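Quick note on labels: first sequence line is chain A, next is B, and so on, each numbered from 1. Every value quoted in this text rests on a predicted model; they were computed, and no experiment measured them.
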Amino acid sequence: MTPGATASVLVVEDSDEDFDTVADAAARLQVPYALVRVLSVDDGLAALLSGQPFRLVILDNSLPGDRGDVFLSALRRHPLHCRVPVVAFTASGRQPERDALHAAGVNAFHVKSVNYEDNLWTLEMIFNYWLRAVAE
Amino acid sequence: METVLNDVPWSAEPYSIKRHGVQITNCDSEPVQTPGCIQAHGVLVAFRLADLAIQQVSENVGRLLGIEADDLLGKPLTALVGDAGARRLQTFLTSEPTDRNPLYCQTQALGTANAPFHLIVHLNEGVGLLELEPSAPDDAGPDFYGLVKKSIVRLQGVTSVQEFCQVACDEVRQLTGLDRVMAYYFHEDGSGEVIAEARREDLHPWLGLHYPAHDIPQPAREIFRRIWIRPLPDASGGVAEMVPLANPDTGRGLDMTYCGLRGASVMYTEYLRNMGVGASLTLSMRYSGRLWGLIAGHHVTATPFPWQVRAACELLAQTVSLQLAYVEERQHERYRARMQAAHLTALASVAPNGDLSKLTQASPTLLDGIQSCGAAVYQHDKWSTVGDVPGPSELAELAAWLRPLLSATVGESQPLYATDRLSAVHPAAAGYADVASGLLAIPLSRTARHLILWFRPAVAQTVSWAGNPSDAPTVLGPHGPRLTPRASFALWQESVTARSLPWTTAEREAALYLRTLVMDLVVSRAEELGALNSELASSNEELDAFAYVASHDLKEPLRGIHRHAALLKKEIQAGRALDAQALERLEAVTRLAVRMDGLLDALLHFSRVGRLELQPQMEDLNEVLAESIEMLGPQPAEAHCSIRVPRPLPNVLGDRVRIREIFTNLIGNAIKYNDKAERWVEIGYIDPQDTTSLLLASDTPAVRNQTIYYVRDNGIGIAVKHRAQVFGIFKRLHPRDAFGGGTGAGLTIARRLVERHGGLLWLTSALGEGSTFFFTLAASEEAG
């Protein structure tokens, strides 16, 4: 990580409502990192190149243009970001998509629910685990 | 052959009926061609062709001609027939085709005999054979030529083998005046059957009599393949031995194959005497080198067969043989045609659904094809049968035994199994030999799981000889009752216990042909089903993937709705007033509901596009394009987008409404995905002959002789990696609200519509410069 730079959580999510849910969860847990949102793989790649360090990536797989696994592969090849935990939080739990994400090196895989509270709960777990349990 | 001869009593010297005779046990090795003896009513003289020197003469020459053998042997023929006679003979031999062909030469007085003798002469391997037969006053007889001519005309008028043989018997009887004339047919196993008979009315019928193969020993059959006629005017007339027994030149017994006077086996004469027969005349029926059968004439008393009668009968036998091939072939042809017609008609009832049980139910059934008493078909784990067949458990057991045998024949030239003695090869079948001694089976699959079987009963079940059981002779020869027709029939019956009529070549061929037809039918149905199955499987897979993708895209707005509703609820519960934020949430819910509605509409439309019937007509594409631009409403104007049509579009065969939709989708996209200040869309076409159009890229699909339509823009372009993805349902390349939003179903639907027309939709693009969507509206004339 670039010393001195403030780490943040990167959220790759094209849906406004779904990003708001991520933000809600982060707010409730008082996650001590800023959320950086990108809407597509291309934007995500640009964010990687900005040199900003990330503590965690929440990745939606169903994105306009390239799918999330394309972003993940690029991230794993990036010298600065290759060790960042990436958690997939996506609408489709279909096997081919899971396989593609695992092959690309995803750390965890969670399926979005229609239920807002369920999604909050999942995201809180994700934050708790990857930002607290793993870190300490 | 030598070893056999060493075991018989005549191994030390040439065979002679008189000296050696034969027993039933060794009659199959009797040298009937060199019997050493002749029938005693005539005289046989063997002479050397070179100098006409008499080498052998029958011992009865002294009794019949008053000249002793010793006075003739070594002498020229003049010693017997005089100078003039010898000269005529010599001329005759050089001018007539007498080689292995006895011909009447002359009639003259010989020695001290009262009546003149007929001289009949032929050559056999350099040896001259002169047969002398006493003449009778009425020898000239009727007009044999006229009789034979009439017989031949009658024979030409019949078409069935049975009728043909009946006519032959009638004619021979009329020609010879014999008491009984029968036609014997030799079955494939060598056994004989009387298939036609002409007889004196007071004699018992022998029609239908069967006898075992060995009743006519192999040597006799061999001889009948070479001669047309075999006269035996007096079964009790005795034999006269040749003197000397061995020919001085060859050292062997004299070959009498073609001699009318050839001595008869004692087996045969005893058989005739046992039957009360005094004379016999036998003609051969043969073709294609095969002895097909015999015409056998019997007379109760001894009777002469003058050479004129014999010549007429010989001609008749030759005519019968020539005609037989034609008659039998026609009969087989009719049978073949009947089998094939029955099979084809029966299969027609099978064809609609491949149900082979129809072969046993609908008319005609399998029984109308190949002659059989019953038939069974195994398909879809069950039997269906017609006629007399073994019971269900017997069928199952039989099939289990049969399958390995049959599956071994699959891939061979004749994938079938045929037997006329089932219980001999499969003892378990003994219990139902009455219905299934004969079995013909064809496998309908590689493992022979599916089968067609034909059954035939035991022959003994189907044949009974109508002959009078009490017609046994009162006085029997030394071999007892064995040498009688009744004993022969009994022996034959024993030999065919649990045996059926054999399956003929034509029947096997018919079964194999039926198999081919059934396999074609079954296989083509299986292929059809297989293709449908794989189509279904792939469309199921597609549907699965599609439903998954679609449902998750549909859930996206739902999640948003749920979120806003949940938060709103919580806020209200917390006592918060309905403020501006709450109103925002409700507006978001409404907006998301509308969005969801749009997705569902697109989904339903897409699914309908897959099913709807196109209504293709010749349409003016310019009109269709105008309509679709109209449907876009103010969109082009608002986007400051010009629509260009470089040249008028052609007429096209297609569904007007659907083509309009294709244009609307493509043009709408072209207008939307454009960030230029000067936007334009161009609609045009490329002629089928124009393969050099600059618009076409190297990766253009193989569309031949097709007009290619295109919609081109100067928009944002599509990256190479996304060119396939743009056609996925709800797949968008840009964030939800960028470029005016949209469901992401437009291109999916456009492609489906093009495909429904049989055409292709593809694109070329340069990122940042623009895209061109191409499509065709008919299947390519040359696929691939």
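Residue with the most contacts toward chain B among Asp16(A), Asp42(A), Asp14(A), Asp66(A): Asp66(A) (heavy-atom pairs, distance under 4.5 Å). With respect to chain A, the highest number of heavy-atom pairs below 4.5 Å among His722(B), Lys721(B), Gln725(B), Lys570(B) belongs to His722(B). For the set Thr90(A), Leu120(A), Asp20(A), Leu63(A), the count of heavy-atom pairs under 4.5 angstrom toward chain B peaks at Asp20(A).
With a 4.5 Å cut-off on non-hydrogen atoms, Ser15(A) touches chain B through its backbone and its side chain both. Only the side chain of Leu592(B) comes within contact range of chain A, with at least one heavy atom under 4.5 Å from a heavy atom of that chain. Contacts of Asp43(A) with chain B are absent, with no heavy-atom separation under 4.5 Å from either backbone or side chain.
For the side-chain contact (heavy atoms from CB on, under 4.5 Å) with His562(B), the qualifying choice from Asp118(A), Thr21(A), Asn115(A) is Asn115(A), the only one to do so.
Two residues are said to be in side-chain contact when any heavy atoms from C-beta on lie closer than 4.5 Å; Asp24(A) and Arg563(B) meet this criterion. Side-chain contact between Glu17(A) and Ile561(B): absent, with no pair of heavy atoms (C-beta onward) separated by less than 4.5 Å.
The shortest non-hydrogen separation linking Val114(A) to Arg559(B) is CA-CG, 3.5 Å. The two residues Ala566(B) and Glu117(A) have their closest heavy-atom pair at CB-OE2, 3.5 Å.
A donor-acceptor contact shorter than 3.5 Å links the side chain of Lys731(B) to the backbone of Gly65(A).
Atom CD of Gln573(B) is surrounded by more than 12 heavy atoms from other residues, nucleotides or ligands within 6.0 Å.
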